[in-house]
Amino acid sequence: PAYVKNSKKPNAVMLDRIVLVKEDAVRKRSEHAKIPQVFYSENASETEKYAATEIAGYLSKISGSRISCTVEQSGKPHPSGIFVGRTAFASVKGVDVSRFDQEEWMIRRYPEGIVISGGVPRCTLYGAYEFLERFFGIMWLDETFTHIPRQKKITLPEKINLRSKPHFRYRGMYTWY
């Protein structure tokens with residue numbers, strides 16, 4: 001696939017009107033590479049598909065542009081993107097979630113894209129929400145209100161390598177008495 005052979009490291013990735021720029025990058029238009037899609041595996045669980053559609057949906061709301069979500073076609077080259085769940089791209093990059101704890105998730109940035117995955121499908125959703133909250137400022141304040149900041153340019157760190165799991169076995173938010 002193209003993402004394996006391409007050794008160029010873009011200084012920024014562009015999501016229509018959102019530009020994700022390396023912190024140390026010189027902001028030249030020629031250094032931008034498009035990320036037109038969020039990808040999930042052909043064999044993705046319903047939860048992994050939901051995590052991918054949540055990312056695409058919220059990024060669309062932030063940017064005001066439609067960010068598409070589609071099945072990753074194994075063995076076919078495709079543009080850089082956000083790869084959610086147990087994708088072929090994640091496998092090529094050596095991501096082995098079979099060694100993760102049951103509730104563990106990871107977010108990792110590569111020059112060709114970003115991988116968000118977890119030990120079990122629901123953990124991929126945890127990683128997706130962490131990605132949206134940490135890097136895009138989305139806040140789920142209660143059952144009825146989500147803060148979604150409108151942004152044209154968003155800067156991501158050059159290196160993202162997060163791996164975590166919940167600190168509590170049972171968690172929830174109770175706002176009703």
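Residue numbers count from 1 along this sequence.
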For Tyr129 and Glu54, which I'm curious about, is there any donor-acceptor pair between the side chains at under 3.5 Å? yes
Query raised in the report: So, Phe136 versus Phe131, ring centres under 6.0 angstrom or not?
Result: yes
Does the Gln37 side chain pair with the main chain of Ile67, one donor and one acceptor, at a distance under 3.5 Å? no
* Do Thr124 and Thr47 touch side chain to side chain, with heavy atoms closer than 4.5 Å? -> no
Rounding to 0.5 Å, atoms CZ (Phe135) and CG (Leu132) come to a distance of 10.5 Å
So with a 6.0 Å cut-off around CD of Gln102, is the heavy-atom count from everything else above 12?
no
Here the gap from Phe145 atom CZ to Ile148 atom CD1, rounded to the nearest 0.5 Å, amounts to 8.5 Å
Q.
With heavy-atom distances below 4.5 Å as the criterion, would you say the side chains of Val115 and Ile107 are in contact?
A. no
*Please state whether the rings of Tyr110 and Phe89 are parallel, tilted or perpendicular, taking 30° and 60° as the class boundaries.*
perpendicular
- Query: Any donor-acceptor pair under 3.5 Å linking the side chain of Arg150 with the backbone of Lys61?
  - Reply: yes
Going by distance alone, is a donor N or O of one side chain under 3.5 Å from an acceptor N or O of the other, for Asn43 and Ser41?
no
**Test side chain to side chain contact (heavy atoms under 4.5 Å, CB included) applied to Trp105 and Val120, step by step** = CA-CA 8 Å; Trp105 54 263; Val120 295; over 6 Å; no
For Tyr50, the ring-ring contact (aromatic ring centres under 6.0 Å, His included) test, sequence neighbours excluded, returns none
Worked verdict on Val38 versus Thr53 for side chain to side chain contact (heavy atoms under 4.5 Å, CB included)
CA-CA 8 Å; Val38 176; Thr53 59; over 6 Å; no
Sequence neighbours excluded, the answer for ring-ring contact (aromatic ring centres under 6.0 Å, His included) partners of Phe100 is none
Hits for salt bridge (charged side-chain N to carboxylate O under 4.0 Å, His left out) against Glu133, two or more places apart or cross-chain, chain-then-number order -> none
For Gln73 and Val71: C-alpha separation, side-chain torsions, deciding distance, then whether side chain to side chain contact (heavy atoms under 4.5 Å, CB included) applies.
CA-CA 6 Å; Gln73 300 297 318; Val71 174; 3.9 Å; yes
The salt bridge (charged side-chain N to carboxylate O under 4.0 Å, His left out) partners of Glu46 (sequence neighbours excluded) come to Lys49
Pro149 and Gly137 have their tightest heavy-atom pair at CD-O, 3.5 Å
Check whether any side-chain heavy atom of Arg86 lies under 4.5 Å from a side-chain heavy atom of Val95, and answer yes or no. no
Contacts of Asp96 meeting side chain to side chain contact (heavy atoms under 4.5 Å, CB included) (sequence neighbours excluded), chain-then-number -> Ser98, Arg99
Query raised in the report: Is any side-chain heavy atom of Glu42 less than 4.5 Å from a side-chain heavy atom of Glu72?
Result: no
(Q) When you measure from the side chain of Thr146 to the backbone of Trp140, do you find a donor-acceptor pair of N or O atoms at a distance under 3.5 Å? (A) no
- Does Pro121 reach the side chain of Glu48, with side-chain heavy atoms less than 4.5 Å apart? yes
CG (Leu59) and CZ (Arg66) are apart, to the nearest 0.5 Å, by 12.5 Å
Heavy-atom nearest pair, Pro166 first then Tyr126, reads CG-CE1, 4.2 Å
Tell me whether Met106 is reachable from Phe39 by hopping between hydrophobic residues (I, L, V, M, F, W, Y) whose side-chain heavy atoms are closer than 4.5 Å. yes
Of all heavy-atom pairs linking Gly85 and Ala90, the shortest is O-CB, 4.2 Å
Here the gap from Thr87 atom OG1 to Ile116 atom CD1, rounded to the nearest 0.5 Å, amounts to 10.5 Å
| message | Does this structure show an ion pair linking Glu103 with Arg122, if we count only N-O contacts that are shorter than 4.0 Å? | response | yes
Intermediate values then yes/no, side chain to side chain contact (heavy atoms under 4.5 Å, CB included), Phe83 and Ile114: CA-CA 6 Å; Phe83 299 86; Ile114 297 169; over 6 Å; no
Practice prompt. Keeping the roles fixed (side chain from Arg109, backbone from Pro157), state whether a donor-acceptor pair exists under 3.5 Å.
Written response: yes
Hits for side chain to side chain donor-acceptor pair (under 3.5 Å) against Lys165, two or more places apart or cross-chain, chain-then-number order -> Asp101
